Trainee: 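Submitted below is the structure of interest, expressed as structure tokens.
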Amino acid sequence: MSDAGGTHDLDGLLALAESAARQAGRLALEGRRSATGLDQTTKSSMTDIVTQYDRAAEEAIVELLLGARPEDAIIGEEGTDREGTSGYGWYVDPIDGTTNYVYDQPAWATSVAVSYEGEMLAGAVYVPVTDELFSAALGRGATLNGVPIAVSGATVLAQALVGTGFAYRADIRREQASAVSNLIGVVRDIRRLGSAAVDLCYVAAGRLDVYYEEHLNSWDAAAGELIAREAGAVTSDYAGSHPRFGQLVAATPAIHTAFLAALRNA
């Protein structure tokens, strides 16, 4: 490959992201199914849970990535923070939706994405309970288990199914819930699944028409945002500018602008 020429081995990067997400997701699922008990601790708040399988899955992903691409940077939710020299950086969330994982609910996923000098190139989100692998590479569209997917054809905000998520801090959740109470009257309904990665992939597959959330980390949304965008979603911040992990909207194109207006009013 010639990085100076702006070309990348998208096939290889995507295959590695898919393999890492699938392998780690299956490891986490096997752990959940066989565990006599989960070793639960907390991080940023009493509701921000981490288990031994979050850590084990991240270790498995890091081992695979370093074996294939030892010069790349890696940032992971469970503490991996490795500087690289290649310009490529990997964003790893071994279990996005750990609360769902702990409660044995199905909406959790393993998310792996790779960027080059800040531009996301490829990403994969694997949902182990349903055995669904969502993935995308820049400029090549998005797929679900290898089959191309696209956002819904929703054109009317009042008929839009909207997904969102809440922060771990109780005071922020109260503010977010207040916005939801104002927003719910102008859309079809609202879903709170508990995993940003799953929500974004559901927009990509037409299972949600809109997703919005604040206070995300890079590993939460790196793969999902690319997958949604490659499936045809418009992604932005709440002001309609360039999407950022701390404030993200992904919507089917015909209702993106109307949703932003409704969100401002909410």
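Given the structure is predicted, the values throughout are model-derived calculations rather than measurements.
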Trainee: Any chance you could measure Leu121, atom CG, to Leu14, atom CG, to the nearest 0.5 Å?
Mentor: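 Interatomic distance, Leu121 CG to Leu14 CG, rounded to 0.5 Å: 10.5 Å.
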
Trainee: For Ala107, does its backbone N or O pair with a side-chain atom of Asn100 as donor and acceptor, under 3.5 Å?
Mentor: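 Confirmed, Asn100 side chain pairs with Ala107 backbone.
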
Trainee: Apply side-chain contact (heavy atoms from CB on, under 4.5 Å) to the pair Arg26 and Tyr126, showing each step before the final yes or no.
Mentor: CA-CA 9 Å; Arg26 287 176 175 168; Tyr126 181 58; 3.5 Å; yes

Trainee: Would you find a donor on one side and an acceptor on the other, under 3.5 Å apart, between the side chain of Asp54 and the backbone of Thr51?
Mentor: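 At least one qualifying donor-acceptor pair exists.
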
Trainee: Would Asp209 and Phe259 count as a side-chain contact (heavy atoms from CB on, under 4.5 Å) here? Give the steps.
Mentor: CA-CA 10 Å; Asp209 302 308; Phe259 179 77; over 6 Å; no

Trainee: Under the side chain to side chain donor-acceptor pair (under 3.5 Å) rule, what do Arg244 and Gln247 come out as? Steps first, then yes or no, please.
Mentor: CA-CA 6 Å; Arg244 48 195 173 95; Gln247 192 181 81; 3.0 Å; yes

Trainee: Can you tell me which residue among Leu64, Leu16, Val125, Ile61 is in a side chain to side chain contact (heavy atoms under 4.5 Å, CB included) with Val112?
Mentor: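 By the side chain to side chain contact (heavy atoms under 4.5 Å, CB included) criterion, Val112 pairs with just one of Leu64, Leu16, Val125, Ile61: Ile61.
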
Trainee: Report the C-alpha distance between Leu248 and Leu200 in whole Å, list the side-chain angles of each, state the deciding distance to 0.1 Å, and finish with yes or no for side-chain contact (heavy atoms from CB on, under 4.5 Å).
Mentor: CA-CA 10 Å; Leu248 181 60; Leu200 286 161; 4.1 Å; yes

Trainee: With no hydrogens and no angle check, just 3.5 Å: does a side-chain donor-acceptor pair link Thr80 and Glu58?
Mentor: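 Short answer, yes.
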
Trainee: I need the Trp90 CH2 to Leu66 CG distance, nearest 0.5 Å.
Mentor: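 The CH2 atom of Trp90 sits 11.0 Å away from the CG atom of Leu66.
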
Trainee: Counting N and O atoms only, with roles assigned by atom type, does the side chain of Tyr101 sit under 3.5 Å from a partner on the main chain of Ala28, one being a donor and the other an acceptor?
Mentor: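 Looks like yes, one N/O pair under 3.5 Å.
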
Trainee: Drop me the distance from Asp93's CG to Trp108's CH2, to the nearest 0.5 angstrom.
Mentor: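 Asp93 CG to Trp108 CH2: 11.5 Å, rounded to 0.5 Å.
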
Trainee: With sequence neighbours excluded, give me every side chain to side chain donor-acceptor pair (under 3.5 Å) pair touching residues 257-266.
Mentor: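 Found none.
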
Trainee: Where the side chain of Glu225 meets the backbone of Thr235, is there a donor-acceptor pair that is under 3.5 Å apart?
Mentor: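 Not confirmed, Glu225 side chain does not pair with Thr235 backbone.
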
Trainee: Would you mind telling me which of Val210, Val151, Val203, Val234 makes a side chain to side chain contact (heavy atoms under 4.5 Å, CB included) with Thr252?
Mentor: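 Among Val210, Val151, Val203, Val234, the one meeting side chain to side chain contact (heavy atoms under 4.5 Å, CB included) with Thr252 is Val151.
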
Trainee: For the residue pair Tyr211 and Val198, establish whether any side-chain heavy-atom pair is separated by less than 4.5 Å.
Mentor: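 Of all side-chain heavy-atom pairs linking Val198 with Tyr211, none is under 4.5 Å.
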
Trainee: Taking C-beta and beyond as the side chain, do Val156 and Ile255 meet within less than 4.5 Å on heavy atoms?
Mentor: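 Val156 vs Ile255: side chains apart.
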
Trainee: Is it true that a side-chain atom of Ser34 and a backbone atom of Glu30 form a donor plus acceptor pair closer than 3.5 Å?
Mentor: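 A pair under 3.5 Å: yes.
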
Trainee: Let's go through Asp199 and Leu208 carefully: what are the C-alpha distance in whole Å and the side-chain angles of both, what is the deciding distance for side-chain contact (heavy atoms from CB on, under 4.5 Å) to 0.1 Å, and is it a yes or a no?
Mentor: CA-CA 8 Å; Asp199 282 326; Leu208 290 170; 3.8 Å; yes

Trainee: Is the backbone N or O of Trp219 less than 3.5 Å from a side-chain atom of Glu77, with the two atoms forming a donor-acceptor pair by type?
Mentor: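 Flag not set: sc Glu77 to bb Trp219 has no pair under 3.5 Å.
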
Trainee: May I ask you to test the Leu183-Tyr212 pair for a side-chain heavy-atom distance under 4.5 Å?
Mentor: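 Yes. Closest side-chain heavy atoms under 4.5 Å.
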
Trainee: With a 3.5 Å distance limit and no angle check, can you tell me whether Thr110 reaches the backbone of Pro94 through a side-chain donor-acceptor pair?
Mentor: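 Answer holds: yes.
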
Trainee: Looking only at atom types and distance, does a side-chain atom of Arg82 sit under 3.5 Å from a main-chain N or O of Asp72, one as donor and one as acceptor?
Mentor: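 Yes; judged by distance alone, with no hydrogens or angles, the pair exists.
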
Trainee: Can you find a pair of side-chain heavy atoms, one from Phe245 and one from Asn217, that are under 4.5 Å apart?
Mentor: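 Not in contact.
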
Trainee: Under a 4.5 Å cut-off applied to non-hydrogen side-chain atoms, are Glu230 and Leu138 in contact?
Mentor: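 Side-chain contact under 4.5 Å: yes.
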
